[in-house]
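Take a look at the structure below.
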Amino acid sequence: MTSDGTLKEADHKMRRAVEVTREELTSVRTGRASPAILNRVSVDYYGTATPINQLASFSVPEPRLLVIQPFDRNAMAAMEKAIMQSDLGLSPSNDGNVIRLAFPPLTEERRKEMIRLVRERAEEGRVSVRNVRRHSMHDLERLKKDAEISEDDLNRSEKELQKLTDRHVGEIDDLLAHKEKELMEV
């Protein structure tokens, strides 16, 4: 492997860490209705754990209301059960055709708890990016030790790796700032 190959691999892994963090943050409930919070909910559909987003379509007719239209009405009870058992703290109601999820406004205490949670998730993302940097640095130093790259190549690659790290950590910080702002909206 060359130093450029190591950098490309590091960039790919860092991008993946940012994507995982983005998915984690979108699944955190704010006071606003969003189908993304159901991404982690799985429904026992005829004995198979199936993501809820494969079993229904979603609409947001009002900022605090999510309407779930199941493709198969027979799965409605299982969908309601899965939502109740999730850690979302939402109570579904159905009229026989659709499931409605009303999002109550967040209390100040719950907002602070959610902000603490999103900060933890963002920090996990930053740690993942830094771990990729650490492993890549180790790979670069091994290339130098094996005389596959020169000292100058090592220094250049380390600087480039740091730039990649800073850029990806910055993306995570931007995601966190956006989510915190969203949580503080009343």
Nearest non-hydrogen partners of [X] and [Y], listed with the distance:
{"X": "Arg73", "Y": "Gly96", "value": "CD-O, 3.4 Å"}
{"X": "Ile68", "Y": "Ala56", "value": "CG2-CB, 3.5 Å"}
{"X": "Gly125", "Y": "Ala17", "value": "O-CB, 4.5 Å"}
{"X": "Leu66", "Y": "Val60", "value": "CD1-CG2, 3.8 Å"}
{"X": "Ala49", "Y": "Ser42", "value": "CB-CB, 4.4 Å"}
{"X": "Ala75", "Y": "Tyr45", "value": "CB-CE1, 3.5 Å"}

If you define the side chain from C-beta out and look only at heavy atoms, does anything of [X] sit under 4.5 Å from [Y]?
{"X": "Gln162", "Y": "Met137", "value": "no"}
{"X": "Ser3", "Y": "Leu154", "value": "no"}
{"X": "Ile52", "Y": "Ile83", "value": "yes"}
{"X": "Ser136", "Y": "Glu9", "value": "no"}
{"X": "Asp153", "Y": "Leu143", "value": "no"}
{"X": "Thr21", "Y": "Leu176", "value": "no"}
{"X": "Arg15", "Y": "Glu19", "value": "no"}
{"X": "Asn53", "Y": "Pro35", "value": "no"}

Run through Glu109, Met114, Glu108 and flag the one making a side chain to side chain contact (heavy atoms under 4.5 Å, CB included) with Arg111. Glu108

Among Met76, Met84, Lys81, the one residue meeting side chain to side chain contact (heavy atoms under 4.5 Å, CB included) with Pro92: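 Only one option passes, and that is Met84.
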
Working note: Asp173 + Arg126, criterion side chain to side chain contact (heavy atoms under 4.5 Å, CB included); need CA distance, chi angles, decisive distance, verdict. CA-CA 9 Å; Asp173 290 342; Arg126 288 188 208 103; 2.7 Å; yes

So does [X] pair up with [Y], basic N to acidic O under 4.0 Å?
{"X": "Asp166", "Y": "Arg133", "result": "no"}
{"X": "Glu113", "Y": "Arg116", "result": "no"}
{"X": "Arg40", "Y": "Glu23", "result": "no"}
{"X": "Arg121", "Y": "Glu124", "result": "no"}
{"X": "Asp11", "Y": "Lys8", "result": "no"}

Run the side chain to side chain contact (heavy atoms under 4.5 Å, CB included) check on Glu141 and Glu158 step by step: do they pass? CA-CA 9 Å; Glu141 287 164 5; Glu158 284 177 351; 3.9 Å; yes

Is there a continuous path of hydrophobic side-chain contacts, each under 4.5 Å between heavy atoms, that joins Phe58 to Val67? no

Do Val20 and Met14 belong together in a cluster built from hydrophobic side chains that touch within less than 4.5 Å? no

Does the Arg100 side chain pair with the main chain of Ser93, one donor and one acceptor, at a distance under 3.5 Å? no

Answer yes or no: is there a donor N or O on one side and an acceptor on the other, between the side chain of Asp95 and the main chain of Asn97, under 3.5 Å?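 Yes, Asp95 side chain to Asn97 backbone: donor-acceptor pair under 3.5 Å.
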
